[in-house]
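Quick caveat: nothing in here was measured; it's all calculated off a predicted structure. Counting starts at 1 for both ligands and their atoms, following the listed order.
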Amino acid sequence: MYIVHIASELAPVAKVGGLADVVHGLSKELAKEHQVEIILPKYDGLDPKHLKDLHIEQKELWITEGAAHYNNTVWSAQVDGLKTFFIEAHGPRTYFNRGKIYGCVDDIERFLYFCKAALEHLLKAGKKPDILHIHDWPTALIAPLYKERYSLLGLKAKAIVFTIHNLRHQEKCPPQLLTSLGLPGENYLTKDKMQDPFFPKLINILKGGIVYADGVTTVSPTYEKEIKTPEGGCGLHEVLLESQSKLKGILNGIDETLWNPEKDPHLIKQYCTHNIDNPKKLEAILQAKEENRKHLCFSLNMSQEKRPLVASVTRLVLQKGPDLILHGLLKTLEKGGQFILLGSVFDPAMEEAFEEVKKTLSQNKNISIRLENDESLAHLIFASADMFLIPSIFEPCGLTQLIALRYGAVPLARLTGGLADTVFDVDTSSKPLDQRNGFTFEFPDSQGVDWALGRALECWKKDQPKWHTIMQQGMRYDFSWKNSAAEYLKVYRSSARLM
Ligand code: ADP
């Protein structure tokens with residue numbers, strides 16, 4: 001099968017969050033047996049060391065936007081072995097030279113333009129993909145643009161599959177923006193097309209992806225159920241219910257070459273997590289984790305004394321429950337543990353709040369707060385931590401609990417979305433005892449955090465054999481992309497009616 005992903009993120013060259021990991025991990029798994037290509041904007045921040053054999057594929061690709069015509073250049077490179085095309089926009093607004101991926105006032109125009117340029121490239125290059133796989137609002141417009149315009153111009157794809165990684169980000173725009181790209185915008189302001197459920201004069205871009213794609217997926221079975229309810233549907237639950245025959249929740253995997261404690265170059269001491277039933281193997285894992293922890297604590301200027309280490313690696317946004325992370329951090333200190341928070345901040349108020357906490361606790365050797373994005377540090381934290389706190393308000397899938405489980409850190413997670421599909425409470429889960437792998441709580445409040453954290457710390461302190469069993473049970477899970485990619489292939493085949 002010939003699959004083309006069109007996306008706004010791809011690890012490791014252009015990453016903000018899990019979307020980048022998913023496009024990378026899924027593509028790598030699919031590429032083992034299929035032809036896979038990826039199309040991305042040519043951001044100015046792409047790290048050249050990850051771009052092998054970068055060269056121009058198409059020097060001129062003209063795009064009409066409103067009354068203007070702009071030239072673009074299409075580049076290609078291998079990103080971790082994946083054939084990736086990059087669209088460089090030469091227009092006066094320098095759409096992809098902003099020093100960041102998102103967060104510009106004209107993000108909608110930037111990504112709508114990218115959608116058109118990606119389709120134009122496929123058309124002009126004469127490509128005939130079986131599947132166009134698009135991701136989240138930045139590339140959702142590909143679905144209507146293909147169905148209503150590019151398929152009529154001669155571009156042939158057998159099916160469009162749209163993955164919703166986060167339903168919250170829908171993006172709305174006046175219909176004129178579609179008109180400027182060649183779709184008569186006013187025609188799409190109807191309930192069955194792209195009209196926003198709350199603002200009837202606006203186009204809802206994400207909705208366009210849902211309505212026009214042949215197959216729609218989201219990133220966990222529980223999130224798929226949640227988004228079909230008024231509480232979880234962010235205004236689109238009716239559209240999703242109407243689309244349910246083509247909607248499927250497929251759990252994300254993790255890329256086991258990138259996230260493999262046995263070969264992870266960021267660790268001080270690597271450790272093997274396969275066949276861990278042998279007591280000698282467990283001993284080796286515990287020793288390696290301890291070496292990593294000591295090095296980490298030393299490098300972060302923390303006490304190296306043995307205490308339970310709780311960690312959180314996250315974007316600090318409301319979805320992730322930052323106030324609950326803060327609560328967990330203080331509670332951990334109160335109960336004699338250590339806490340490391342690696343959080344990327346996007347909002348000045350959030351940054352200020354955490355800077356304040358950092359200042360207040362600056363003398364405390366049992367805590368480290370790093371407000372940045374640091375891939376290497378993240379790896380070392382996963383390998384060193386005993387526990388990972390993930391108190392999300394909502395979580396479509398979540399990758400950090402999967403990585404934590406693989407690295408032998410026990411997740412403390414709120415039961416929502418993909419967390420509910422992957423973390424099973426030691427005391428209350430309906431799973432068999434030997435499949436339970438963490439501590440969970442139902443409501444996103446401080447009592448919930450206290451309950452999970454309290455039980456975990458108690459177990460760590462008083463019953464190390466039980467703690468090791470929980471760790472081992474988590475490490476035994478297979479969250480590689482193999483199973484998920486097989487599910488995506490089924491969706492590709494049914495969407496393209498290739499069954
Ligand atoms: P989301 O996509 O909502 O941010 P996920 O849990 O799906 O959350 O994926 C987060 C990914 O980003 C993980 O690979 C995690 O390790 C990484 N990550 C999050 N915050 C940071 C950070 N501050 N520094 C380094 N990596 C981070």
Trainee: Is the cationic atom of Lys42 (NZ for Lys, CZ for Arg) positioned less than 6.0 Å from the six-membered ring centroid of Phe96 and within 45 degrees of its normal?
Mentor: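 No, Lys42 does not sit over the ring of Phe96.
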Trainee: Contact residues of ligand 1 with a heavy-atom cut-off of under 4.0 Å?
Mentor: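 Correct list: Lys15, Gly17, Gly18, Asp21, Trp259, Val313, Thr314, Arg315, Lys320, Leu342, Gly343, Ser344, Glu372, Asn373, Asp374, Ala378, Phe382, Gly398, Leu399, Thr400, Ile403.
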Trainee: Find out whether Val161 and Leu132 are in side-chain contact, i.e. whether some heavy atom of one side chain is under 4.5 Å from a heavy atom of the other.
Mentor: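 When only atoms from C-beta onward are counted, Leu132 and Val161 do not touch, as no gap falls below 4.5 Å.
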Trainee: Centroid-to-centroid, His135 to Phe162, below 6.0 Å?
Mentor: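 Not close enough - the centres of the two rings lie 6.0 Å or further apart.
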Trainee: Honestly, is Arg406 close enough over Phe479, meaning NZ or CZ under 6.0 Å from the six-membered ring centre and within 45° of the axis?
Mentor: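 Ring-cation test returns no.
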Trainee: For residues Phe85 and Glu37, determine if any side-chain heavy atom of one lies less than 4.5 Å from a side-chain heavy atom of the other.
Mentor: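 Yes, close enough: below the 4.5 Å cut-off.
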Trainee: What salt bridge (Lys or Arg N to Asp or Glu O under 4.0 Å) pairs are there with at least one residue in residues 315-325, not counting sequence neighbours?
Mentor: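 Of all non-adjacent pairs touching residues 315-325, those that pass salt bridge (Lys or Arg N to Asp or Glu O under 4.0 Å) are Lys320-Glu395.
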